Amino acid sequence: MIQYIISEIRTFWPIRCREENDRMLARDIGIDLGTANVLIHVKGKGIVLNEPSVVAIDKNTGKVLAVGEEARRMVGRTPGNIVAIRPLKDGVIADFDVTEAMLKHFINKLNVKGVLSKPRILICCPTNITSVEQKAIREAAEKSGGKKIYLEEEPKVAAIGAGMDIFQPSGNMVVDIGGGTTDVAVLSMGDIVTASSIKMAGDKFDWEILNYIKKEYKLLIGERTAEDIKIQVATVFPGARQEEIDIRGRDMVTGLPRTITVRSKEIEGALRESVAVIVQASKSVLERTPPELSADIIDRGVILTGGGALLHGIDQLLADELLVPVLIAENPMECVAIGTGIMLENLDRIPTRKFS
């Protein structure tokens, strides 16, 4: 009997100690604070949260009613007193209080705070944000329960998450197409050599599709319908896709519901100008890249990350325009979050910008 008790203690005591240690000490977390989605990586656990950056608020009381996926389902379908807000715009904070409430909700949901300590938080941001915008992100993270806040540039973290070895003296190029911004960067020796950040990405594509349907068919559709069109039939490379979709909206002339059919060729034309801006930004970065690194990029190619990398034909178009191989990362939407996890494991060794 005594031997049995000793055996049980040996089996369960280390587990009990680890659980108690986890409860007492906070876990470091990495946050991909995106315009469209928030992804959170908890050290030792991996990506534990992937939800839309949307908050539903009661305008009369100011009370937060829903956050994330639950709030996204309310977009365009709420009564007058409830508004679904996207607190981030173009990769930066547009509404500080709502962003703070959203982060606090997600962090509390994950239960990463310890009894004795608060978590260290690594947050990613676009390459060209101002010091005021950096301060806003830092304060929002602090107020949501962070102890030390680290800020890192998105394309650098995305490249690490995509499996690129950016710490060698060789050129690596990444194009990170998110919801609000597209970040283009050439990296070497663990840092950015040349970069560009433009406010042209997934949300803008949705707006262009919505606007095209409005002008061409005199039909009003919502953001979610525009996104469905982008995912199911859109392409940006001429002739690469031949799909069609039936969509419903409100007729601007009669005011009644109406159904139309939209084809891939139409959407290619609607997105042509927007995608050309991303192509031009990529060319601009390559033109400013030192020749030795340019030679490396010809060998290694360009890696596409972010949700926009899933836009049909974007890899073919960029390869055609830049005259270098273009590859889509294995999990483009999760690259930044995966990268934060790798950086969290090496937070004491990798140089990052600590803000508190």
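Here the structure is a predicted model, which means the values were calculated and not measured.
- Between I267 and V233, the closest side-chain pair of non-hydrogen atoms falls below 4.5 Å.
- Residue R248 places its CZ atom among 12 or fewer non-hydrogen atoms of other residues, nucleotides or ligands, all under 6.0 Å distant.
- A salt bridge is absent between E287 and K283: the closest approach of a Lys/Arg side-chain nitrogen to an acidic carboxylate oxygen does not fall below 4.0 angstrom.
- A salt bridge does not link R263 to E243: none of the charged nitrogens lies less than 4.0 Å from a carboxylate oxygen.
- Scanning for salt bridge (charged side-chain N to carboxylate O under 4.0 Å, His left out) contacts around E100 gives K104, with sequence neighbours left out.
- By the 4.5 Å heavy-atom criterion applied to side chains, L210 and D206 are not counted as neighbours.
- Looking at R86 and D203, a side-chain N of the basic residue comes within less than 4.0 Å of a carboxylate O on the acidic one, giving a salt bridge.
- The list of salt bridge (Lys or Arg N to Asp or Glu O under 4.0 Å) pairs with a residue in residues 48-64, not counting sequence neighbours, reads E51-K109.
- Looking at I247 and I260, their side chains come closer than 4.5 Å, going by heavy atoms from C-beta outward.
- Partners of D315 under the salt bridge (charged side-chain N to carboxylate O under 4.0 Å, His left out) rule, at least two apart in sequence or in another chain, do not exist in this structure.
- Considering only heavy atoms from C-beta on, I303 comes within 4.5 Å of M164 through its side chain.
- When side chains are defined from C-beta on, I31 counts as touching V38, because their heavy atoms get closer than 4.5 Å.
- In this structure the side chain of L39 never reaches within 4.5 angstrom of the side chain of V336, judged on heavy atoms.
- Taking 4.5 Å as the limit, some side-chain heavy atom of I229 sits within range of a side-chain heavy atom of I221.
- Looking only at side-chain heavy atoms (C-beta outward), P290 and V193 come within less than 4.5 Å of each other.
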